[in-house]
Undergrad: 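Dropping the structure in here first, questions after.
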2 protein chains.
Amino acid sequence: MIDFKELLKEHGIAPSIQRIKILEFLEKNRIHPTADMVYQALVQEIPTLSKTTVYNTLKAFTEKGVLVALSLFENEVRYEYNTEPHIHFKCIKCGKIYDISKAFECLNNKEIEGHKVLEHHVNLKGICKNCRD
Amino acid sequence: MIDFKELLKEHGIAPSIQRIKILEFLEKNRIHPTADMVYQALVQEIPTLSKTTVYNTLKAFTEKGVLVALSLFENEVRYEYNTEPHIHFKCIKCGKIYDISKAFECLNNKEIEGHKVLEHHVNLKGICKNCRD
DNA sequence: TATCTAACTTGTAATGGTTACAAATATGTA
DNA sequence: TACATATTTGTAACCATTACAAGTTAGATA
Ligand SMILES: [Mn+2]
Ligand SMILES: [Mn+2]
Ligand SMILES: [Zn+2]
Ligand SMILES: [Zn+2]
């Protein structure tokens with residue numbers, strides 16, 4: 001059982017009830033949810049919850065390294081608890097997003113961990129040769 | 001000199017003035033522009049141009065395989081003429097997006113074609129093992 | 001050439017995810 | 001308790017994109 005209050009303190013985040021519940025939800029539900037999905041799930045427990053709080057909290061968690069923000073195939077931003085580098089696989093039929101733990105070499109495959117790969121999306125981010133130094 | 005009118009016909013797209021100009025712009029300006037960037041550039045030539053036409057045209061071109069739509073790091077969709085599979089590198093300082101023609105094995109590198117790589121974004125799309133057959 | 005029809009373009013309004021902002025509330029300390 | 005600060009809330013604004021209906025164009029036909 002993870003002590004989410006302590007975990008937030010360690011990251012320099014004051015552990016409010018809302019923040020603890022949001023982090024707990026992300027840890028227990030590895031579904032790469034959108035901010036709205038987090039809100040819809042938690043507003044039942046916390047009827048006074050504001051969507052703005054969810055957005056602000058997820059952004060703060062990301063900045064402090066507690067969560068990772070993903071830019072997947074659609075324009076919604078999704079969040080996940082797993083901060084280890086890994087590959088995402090999205091099913092075009094059911095919409096589920098699977099974590100792929102294999103190394104990047106797998107990109108040459110048309111099939112990976114039982115999934116049929118139709119599209120590869122590879123994006124890098126950094127500082128270009130013109131902007132270095 | 002590419003015959004854009006002919007190219008559109010070959011893809012089953014009626015070659016209107018707007019469509020030819022949009023395709024021509026994408027071929028000549030390899031800057032991975034947004035729909036709005038295309039609109040801003042062409043509305044000077046075609047003052048009556050509608051942004052809806054740009055959106056509709058880019059979507060049609062993508063569906064017919066004339067262009068490729070990208071989901072990069074931000075939520076804007078960008079489009080490009082190059083339909084060959086390749087990797088994108090975005091500079092976090094100047095915002096430019098570079099095409100990387102090297103194969104996917106490069107992902108193990110921290111530096112590629114002179115650019116300093118800080119983040120790798122790898123996303124796959126297809127049909128998951130539960131949805132096959 | 002004139003007419004017709006379907007396709008294409010345009011402009012405006014609506015949508016949906018996200019952010020800005022100010023007021024209300026809660027928290028921790030003196 | 002009283003105060004200062006941090007947090008939460010609700011509303012409005014933002015912006016890329018889409019829906020929709022009306023206007024325009026262009027190719028086919030007579
Ligand atoms: Mn993941
Ligand atoms: Mn490219
Ligand atoms: Zn740069
Ligand atoms: Zn599936």
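Predicted, not measured: the structure shown is a model, and the values here were computed from it.
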Undergrad: On a heavy-atom basis, which atom in A:Y39 and which in A:S50 lie closest, and how many Å separate them?
TA: CE1-C, 3.9 Å

Undergrad: Which salt bridge (Lys or Arg N to Asp or Glu O under 4.0 Å) pairs, counting each pair once, include a residue from residues 9-20 of chain B, with sequence neighbours left out?
TA: none

Undergrad: Does D:dT18 have its OP1 or OP2 closer than 4.0 Å to a side-chain nitrogen or oxygen of B:Y55?
TA: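 For B:Y55, the contact criterion (side-chain N or O under 4.0 Å from OP1 or OP2 of D:dT18) is not met.
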
Undergrad: Find the distance A:L8:CG to D:dT7:P and express it as a whole number of Å.
TA: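 Nearest whole value for this atom pair: 11 Å.
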
Undergrad: Nearest whole angstrom, please: distance from the C1' of C:dT10 to the NZ of B:K21.
TA: 19 Å

Undergrad: Within this structure, what is the OH-to-P distance between B:Y39 and C:dT9, rounded to whole angstrom?
TA: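 So the OH-P distance, B:Y39 to C:dT9, works out to 15 Å.
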
Undergrad: Nearest whole angstrom, please: distance from the P of D:dT8 to the CD1 of A:I20.
TA: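 To the nearest whole Å, that distance equals 10 Å.
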
Undergrad: May I have the step-by-step check of side chain to side chain contact (heavy atoms under 4.5 Å, CB included) for A:L23 and A:E27, ending in yes or no?
TA: CA-CA 6 Å; A:L23 181 56; A:E27 196 278 326; 5.6 Å; no

Undergrad: Do B:S16 and B:L8 have side chains that get closer than 4.5 Å, going by heavy atoms?
TA: no

Undergrad: Using a cutoff of under 3.5 Å, can you pull out all pairs of nitrogen or oxygen atoms linking the protein to nucleotides 22-28 of chain D, with atom names and distances?
TA:
none

Undergrad: State, yes or no, whether a side-chain contact exists between B:L26 and B:P33 at a heavy-atom distance under 4.5 Å.
TA: yes

Undergrad: Take the protein atom CG of B:L58 and the nucleotide atom P of D:dT17, then report the distance between them rounded to whole Å.
TA: 10 Å

Undergrad: Quick one: B:M37 CE to D:dT17 C1', roughly how many Å, whole number?
TA: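 After rounding, the reported distance stands at 17 Å.
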
Undergrad: Check whether any side-chain heavy atom of A:D36 lies under 4.5 Å from a side-chain heavy atom of A:Q40, and answer yes or no.
TA: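 With C-beta onward as the side chain, the pair touches.
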
Undergrad: May I ask you to test the A:V54-A:L42 pair for a side-chain heavy-atom distance under 4.5 Å?
TA: no

Undergrad: Kindly say if A:Q18 contacts the phosphate of C:dA26, meaning a side-chain N or O under 4.0 Å from OP1 or OP2.
TA: no

Undergrad: Indicate, with a heavy-atom threshold strictly under 4.0 Å, whether B:T53 touches base, sugar-phosphate, or nothing.
TA: base

Undergrad: Give me, pair by pair, the N or O atoms of the protein and of nucleotides 10-12 of chain D that are less than 3.5 Å apart, along with how far apart they are.
TA:
residue : atom : partner : partner atom : Å
D:dG10  : N7   : A:S50   : OG           : 3.4
D:dG10  : O6   : A:T52   : OG1          : 3.2
D:dT11  : O4   : A:T52   : OG1          : 3.3

Undergrad: Within a reach of under 6.0 Å around CD1 of A:I17, are more than 12 heavy atoms found that belong to other residues, nucleotides or ligands?
TA: no

Undergrad: Between B:H11 and B:K64, what is the shortest heavy-atom contact and its length?
TA: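 Nearest pair, atom of B:H11 first, then B:K64: CD2-O, 3.3 Å.
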
Undergrad: Nearest-nucleotide wise, let me know which of B:S16 and A:D36 is further upstream toward the 5' end of DNA chain C.
TA: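 First, find each residue's nearest nucleotide; the 5'-ward one identifies B:S16.
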
